[in-house]
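Side chains are part of it too, since the values below use all heavy atoms of this structure and drop only hydrogens, waters and symmetry mates. These numbers were taken from a predicted model, which means no experiment stands behind them. To find a chain, count down the sequence lines: A is the first, B the second, and so on, and within it residues start at 1.
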Amino acid sequence: MNIQLSVKNAIETLYGQELSDNFVQLQQTKKEFEGHLTLVVFSLLKISKKNPEQTAEEIGAYLIDHVPAIAKYNVIKGFLNLSIASSYWLDTLNTIVNRPDYGATPVAPEAPLVMIEYSSPNTNKPLHLGHIRNNLLGYSLAEILKANGYRVVKTNIVNDRGIHICKSMLAWQKWGNGATPESAGKKGDHLIGDFYVLFDRKHKEELKQLQSSGLSEKEAEAASGLMNEAREMLRKWEAGDLETVALWEKMNSWVYAGFDVTYKALGVDFDKIYYESQTYLEGKEKVLEGLSKGVFYRQEDGSVWADLTADGLDSKLLLRADGTSVYMTQDIGTAKLRFDDYPVNRMVYVVGNEQNYHFQVLSLLLDKLGFEFGKGLVHFSYGMVELPEGKMKSREGTVVDADDLIAGMIDTARETSEELGKLDQCTKEEADQIARIVGLGALKYFILKVDPRKNMVFNPKESIDFNGNTGPFIQYTYARIQSVLRKATELSIVLPEVLPTTIPLNEKEQNLIQLVSDFETVVREAGESYSPALIANYIYELVKEYNQFYHDYSILREEKTEVKIFRLVLSKTIGSVIKTGFGLLGIEVPERM
RNA sequence: GGUCCGGUAGCUCAGCUGGAUAGAGCAACAGCCUUCUAAGCUGUGGGUCUUGAGUUCGAAUCUCAACCGGAUCACCA
């Protein structure tokens, strides 16, 4: 039974007028007032032709007589506060309890197919805090869309070619002494990242020397032996030189092994990975095709451009005069390959907001080239992650490394748990497991609870504070619910399939059921607005309410059996909503902690 | 300068399809562990929702303008 609909129908009958669906809006009653749902009657004055109080009074009285779910009402100014009957809440709870997939829409085989691209690392740098936000958002988004009934393909595009890769390769050749991840005792991505940094340092030294011998900055850059060697290496790579390609493959495989470790630790994965080395030539073809169709034009020097002035943008370069491709060309190529591989209905790119313009252009170009998903392309744009002391800058060494951060979170979780004596009863494996779940939960929740569009400040200290609006607080509540349920089993209490609807409920219990029943709506809205933050903040709200309830009312000690059982069922349901909600955020939940 | 995004408590963030006295957490202060897990609960203090106009019975929320902050406007990716 849908109360919103019942109220709408009642008002239509009362005033003999058809109303549009969103004309009657029920909202949650504010805490200070009695009731669950509130109807604001100001917009109805036109059809009631009475003052606000009279109108509210009239509708309230009518609802009591005609809608059984509504037990009481009160009127304050133009606000009609409705109290819903306990039996209605119990019905609602019974429905939810018996739906193991509560909150999710089942995915049909013919459901629309959404492809989500996220992560997109460079192979010359280990993942950092910014990637963590990207990965967490991308993965969570995939889960949320699945819960909204979409088929989802998670994909990653690895930027594995270009001059920057050659720099690491060159540094390894010159100064690496044949180092491998094993011999150096480092993850492959860190090893390569270190060589990239090394190249940069040596290159700067070289420039400094050249400049001190009288060359200008530009001249020094042109005379740089290291840089020329790197360029030469890129030429060899593009020409398919066997030795160069072999080295490139070996070093890349180290990096991928390193990335895999980080992805696994974060709990993210991909259905299909694309590599730019395999897609960058595709885009060129597509651009030339567009050129022949007259969508693009060629300049005198031979470079190819798209004129987007009609769309309010500038002209955009697509192929250089020497015929080589640029970033945009590659993205067109990747899009083509993806479209060949999957019948994608919608494409979502999880990429930072510094690329808003790029995706605006990409959308237009794909559309002009005839890709169905071009126009509807979604750039899921998110803000930067800053530190309390300011932006992360690689040259100042203030970049927070993803692996270090994850390890740090787990360590802190373990230390805090040990201090509190939470792990005393656990085996070593259990303790490790809990530390991992809690540490990562803290990190993930801290990142995901913030509106993706906003720049955010990541405070490592605050994120491992286990109080307040944090992952661990929510996980703790879940673990405690499991503990209550275990004890109930020990006491041989069996929870029924269906609760009798005659149990008297107090205000807090009704509020909790109301909150739980909102979950489905929250999941849908999170899918529509692409915002995991909606779910995170909802779960926190629910958990906070439940904690107060937990402290104010005894569950196992309740004298009346039927009330005790009801509270157990309510707790169990809230536990499963927490678990599902956290699942949508990619956060695990511990059975005990 | 053009375009896009943000500006809410000392700090980090909710709230934004217009509704009642703007909410949490952190930090500060005061209580609560013979208790189903105190990683918790309760209370106190803290606000010109950047500013100004407009629309409206009613604006943190919508419109316009200004100010501040960020991103972007590369033959980098």
Salt bridge [X]-[Y], side-chain N to carboxylate O under 4.0 Å:
X: A/R436; Y: A/D432; value: no
X: A/K50; Y: A/E57; value: no
X: A/R320; Y: A/D322; value: no

So, is [X] close to the [N] phosphate, meaning a side-chain N or O under 4.0 Å from OP1 or OP2?
X: A/K454; N: B/G7; answer: yes
X: A/K31; N: B/G23; answer: no
X: A/R453; N: B/C5; answer: no
X: A/R592; N: B/C36; answer: no
X: A/S483; N: B/C36; answer: no
X: A/K449; N: B/C13; answer: no

Candidate nucleotides B/C75, B/U72, B/U37, ranked by approach to the side chain of A/E354 - the nearest: B/U72

Of the listed nucleotides B/A20, B/C36, B/A71, the one nearest the side chain of A/N81: B/A20

Base of [N], side chain of [X] - is there a donor-acceptor contact under 3.5 Å?
X: A/S417; N: B/A39; answer: yes
X: A/T38; N: B/A20; answer: yes
X: A/D322; N: B/C75; answer: no
X: A/K30; N: B/U21; answer: no

Footprint string (nucleotides 57-65 of chain B, 5' to 3'): B base within contact, S backbone only, - free, heavy atoms under 4.0 Å: B--------

Using a cut-off of 4.0 Å on non-hydrogen atoms, how would the nucleic acid contact of [X] be classed: base, sugar-phosphate, or nothing?
X: A/M593; value: base
X: A/Y553; value: base
X: A/D465; value: sugar-phosphate
X: A/E276; value: sugar-phosphate
X: A/Y357; value: sugar-phosphate
X: A/Q355; value: base
X: A/V40; value: base
X: A/A533; value: nothing
X: A/K422; value: base

Any side-chain donor near an acceptor of the partner, [X] and [Y], under 3.5 Å:
X: A/Y538; Y: A/E525; result: no
X: A/T123; Y: A/Y256; result: no
X: A/N547; Y: A/T477; result: yes

5'-most by nearest nucleotide on RNA chain B - A/K77 or A/L534: A/L534

A/Y540 over B/A24, stacked by centroid distance under 5.5 Å, angle under 30°: no

Ring geometry between A/Y530 and A/F380 (parallel below 30°, tilted from 30 to 60°, perpendicular above 60°): tilted

Watson-Crick/G-U partner (both atom distances under 3.5 Å) of B/G19: B/C57

Nucleotide paired to B/C64 in any strand shown, Watson-Crick or G-U, under 3.5 Å: B/G52

Test item: A/T155 and A/E117 side chains (from C-beta on) under 4.5 Å apart, heavy atoms: yes

A/K508 atom NZ: more than 12 heavy-atom contacts under 6.0 Å: yes

Nearest-Å distance for atom pair CZ/P, residues A/R480 and B/A38: 6 Å

For atom CZ of A/F380 and atom P of B/C5, their distance in whole Å: 16 Å

